[in-house]
There are 2 protein chains.
Amino acid sequence: MLNSYSSADKALLAVDCIIFGFDNQGLKILLIKRDFEPEKGKWSLIGGFLKRDEVLDNAATRILNTYTGLNDIYMEQLYAYSEIDRDPVERTISVSYYALINIENHNAELIKNYHAQWFSITDAPNLIFDHNEMVEHAIRRLRYRTSIKPIGFELLPEKFTMRQLLELYEAILSKELDKRNFISKINSLEILNKLDEKDMGSSRKGSYLYTFNKEKYEEKLLNDFVLNL
Amino acid sequence: MLNSYSSADKALLAVDCIIFGFDNQGLKILLIKRDFEPEKGKWSLIGGFLKRDEVLDNAATRILNTYTGLNDIYMEQLYAYSEIDRDPVERTISVSYYALINIENHNAELIKNYHAQWFSITDAPNLIFDHNEMVEHAIRRLRYRTSIKPIGFELLPEKFTMRQLLELYEAILSKELDKRNFISKINSLEILNKLDEKDMGSSRKGSYLYTFNKEKYEEKLLNDFVLNL
DNA sequence: ATTTATTAATGTAGATTTTACACTTAAAAC
DNA sequence: GTTTTAAGTGTAAAATCTACATTAATAAAT
């Protein structure tokens with residue numbers, strides 16, 4: 001029984017994660033100040049190496065957990081990057097993943113210890129290696145995702161206002177949306193629960209809070225819907 | 001200067017290619033009878049290992065060229081598969097690519113020598129490892145691609161009839177399309193040239209032949225269009 | 001208590017796009 | 001010249017999308 005493909009070349013496999021979060025200042029990504037050579041001290045995506053007994057999806061969730069303390073976050077594989085010298089130390093193929101997290105939920109302590117920091121996607125610093133490219137790629141994918149799945153579950157607090165949801169979509173799509181049309185399109189999906197409660201933080205009148213109705217959402221997903229905003 | 005990330009585990013990298021072709025019998029994929037262990041004699045995607053000095057895109061085009069003789073074919077990366085024992089011999093991460101080729105253009109000689117064969121996607125044999133999953137994934141991606149880019153350039157002969165184009169789309173989407181609506185949607189894209197020539201093969205009346213107008217097509221791509229069939 | 005200021009909430013008409021659908025035409029075969 | 005076969009063609013109704021402005025609720029200021 002064969003136990004190696006002896007002539008073939010091996011390489012390191014890395015996983016790099018684009019972690020999106022949202023707050024009232026817009027769409028953000030989590031970056032880390034790299035604490036080892038090469039490029040020590042420069043900003044980077046969070047990442048790590050794939051282990052012998054680990055699949056890529058697990059490496060991605062492990063890395064996310066290490067830096068944020070979060071578990072059970074849905075991550076999606078993006079793309080494999082393989083330029084020969086993308087990492088100057090050793091041939092490394094990196095598979096990128098992205099995640100959407102609620103910016104309020106992560107473990108701030110951990111982030112601080114790792115010198116990680118949230119940056120608005122509009123003014124993030126330059127990143128090492130091909131990480132800038134990965135981020136652009138992830139933003140494109142996220143935009144596409146808005147057209148086939150609702151986003152919000154992950155990026156907003158449990159209770160949110162229509163304005164917050166609108167602003168989230170505006171941040172992701174980086175264009176202005178018509179408020180009335182947006183609300184009626186979202187309502188037509190029938191995946192929100194309107195609460196009796198109001199958020200009084202943003203206006204005299206106060207605005208109703210909503211939650212996502214996960215059951216109806218899952219139901220909708222079966223007949224893959226399209227959302228044209 | 002650091003020259004290795006010594007603690008990290010290496011793995012083999014494979015590239016597997018889903019090669020789509022189209023003829024009057026429908027959408028097909030090119031498969032090969034594997035001629036080495038393990039799973040020798042079973043059907044498989046065409047694939048190979050990534051070399052030390054090679055990027056993934058190049059490995060994919062090299063593999064395509066080896067088995068079909070074709071050059072300059074656009075290929076798109078699909079996904080990285082990493083289950084621990086997906087290849088029982090050694091830990092191998094496989095990155096899949098798909099290509100669309102004109103089934104008439106490949107080198108039939110080469111295909112024969114490699115014991116490769118075209119199979120209709122509706123009755124392809126069971127494949128080794130996780131290759132069935134890769135094929136399903138590629139078909140989904142191809143369907144998506146039809147909604148954002150015209151297909152046909154690659155899969156049809158240079159001159160083709162509206163019927164052929166319609167049947168190509170029906171095969172990809174695996175649903176019936178209304179002939180009149182299809183034609184008017186395609187025409188509204190303004191990317192076809194209607195020739196004076198007719199194809200007399202399929203009817204008494206004969207049907208006009210068309211070619212793709214590559215320039216207009218490229219032009220359209222800049223303002224990313226959507227095609228709802 | 002009244003006024004003022006601020007954001008939330010709401011509906012529609014016109015334009016555009018999508019859908020469903022059936023008859024005529026051209027040419028070859030007989 | 002009659003028959004056969006697939007090609008070619010248009011429209012009306014339905015659905016969706018877009019643009020757009022007023023009223024409502026409340027707290028703050030007076």
Side-chain angles (χ1 to χ4, degrees), chain A residues 24-25 143 146-148 150 152 156-157 159-171 173 175-211 220 223-229, chain B residues 23-26 143 146-148 150 152 156-157 159-171 173 175-211 220 223-229:
Chain A
N24 296 327
Q25 274 84 254
R143 281 184 189 150
T146 59
S147 70
I148 53 163
L156 291 176
K159 297 174 183 179
F160 53 88
T161 64
M162 274 291 179
R163 169 162 296 265
Q164 284 177 291
L165 190 62
L166 172 68
E167 285 175 355
L168 168 60
Y169 273 89
E170 287 184 332
L173 301 172
K175 68 174 180 190
E176 276 198 14
L177 299 172
D178 180 276
K179 184 173 50 154
R180 275 179 292 187
N181 292 340
F182 177 81
I183 291 173
S184 59
K185 282 174 186 180
I186 293 291
N187 280 333
S188 74
L189 296 177
E190 298 184 303
I191 53 167
L192 297 188
N193 296 121
K194 187 175 191 168
L195 306 180
D196 280 335
E197 216 174 323
K198 281 187 165 186
D199 166 59
M200 300 307 292
S202 65
S203 77
R204 307 277 153 81
K205 187 177 174 182
S207 55
Y208 282 104
L209 288 164
Y210 291 80
T211 58
K220 289 270 164 184
N223 332 308
D224 48 3
F225 66 89
V226 175
L227 179 56
N228 256 328
L229 294 175
Chain B
D23 65 16
N24 296 327
Q25 274 84 254
R143 280 183 190 147
T146 60
S147 71
I148 53 161
L156 291 176
K159 298 174 181 180
F160 53 88
T161 64
M162 274 291 179
R163 169 163 296 266
Q164 284 176 292
L165 190 61
L166 173 68
E167 284 174 356
L168 169 60
Y169 273 90
E170 287 185 331
L173 301 173
K175 68 174 180 191
E176 277 197 15
L177 298 173
D178 179 274
K179 183 173 51 151
R180 276 179 292 188
N181 292 340
F182 177 80
I183 291 172
S184 59
K185 281 175 186 179
I186 292 292
N187 281 332
S188 74
L189 296 177
E190 298 184 304
I191 53 168
L192 297 188
N193 296 121
K194 186 175 192 170
L195 306 179
D196 280 336
E197 217 175 323
K198 280 187 165 186
D199 167 58
M200 301 307 292
S202 65
S203 77
R204 307 278 152 81
K205 186 178 176 181
S207 56
Y208 282 104
L209 289 165
Y210 292 79
T211 57
K220 289 269 165 188
N223 332 309
D224 49 3
F225 65 90
V226 174
L227 178 56
N228 257 328
L229 294 175

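Both backbone and side-chain heavy atoms feed into the values below; hydrogens, waters and symmetry mates do not.
Between A:Asn181 atom CG and C:dA13 atom P the separation is 15 Å, expressed in whole Å. Nucleotide C:dT6 holds its P atom 16 Å from the NZ atom of A:Lys205, rounded to whole Å. If you take CG of B:Asp199 and P of D:dA6, they are 13 Å apart, rounded to a whole angstrom. Put simply, OH on B:Tyr208 is 7 Å from P on D:dG8, counting in whole angstrom units. Protein atom CG of B:Asp196 is 19 Å distant from nucleotide atom P of D:dA7, rounded to whole Å. Atom CG in B:Leu189 sits roughly 13 Å away from atom P in C:dT17 (whole-Å rounding). When rounded to the nearest whole Å, the span between CG of B:Leu165 and P of D:dA7 equals 13 Å. Taking atom CG of B:Asp178 as the reference point, atom P of D:dG8 lies 15 Å away to the nearest angstrom.
Along DNA chain D, the nucleotide nearest to B:Lys179 and the one nearest to A:Lys198 differ in position, and the one closer to the 5' end is contacted by B:Lys179. Heavy-atom nearest nucleotides on DNA chain D were determined for A:Met200 and for A:Ser184, and the one closer to the 5' end corresponds to A:Ser184. Both B:Ser203 and A:Gly206 sit near DNA chain C, but only A:Gly206 has its closest nucleotide nearer the 5' end.
Residues A:Gln164 and A:Pro157 form a side-chain contact, since some pair of their non-hydrogen atoms from C-beta on lies under 4.5 Å apart. The shortest side-chain heavy-atom distance between B:Met162 and B:Asn187 falls under the 4.5 Å cut-off. At least one side-chain heavy atom of B:Leu209 sits less than 4.5 Å from a side-chain heavy atom of B:Thr161.
A donor and an acceptor atom never sit less than 3.5 Å apart when one is taken from the side chain of A:Arg204 and the other from the base of C:dT7. Under 3.5 Å, the side chain of B:Arg180 and the base of C:dA22 form at least one donor-acceptor pair of N or O atoms.
If you check every strand for non-hydrogen atoms under 4.0 Å, B:Asn228 touches sugar and phosphate atoms only.
With respect to A:Leu229, the side chain to side chain contact (heavy atoms under 4.5 Å, CB included) criterion is satisfied by exactly one of A:Leu177, A:Asp178, A:Leu166: A:Leu177.
For B:Lys185 and C:dT19, the shortest distance from a side-chain N or O to OP1 or OP2 is below 4.0 Å.
Nearest nucleotide to the side chain of B:Arg163, out of D:dG8, D:dA7, C:dA28: D:dA7.
Cation-pi geometry between B:Lys194 and B:Tyr210 is not satisfied (NZ or CZ under 6.0 Å from the ring centre, within 45° of the ring normal).
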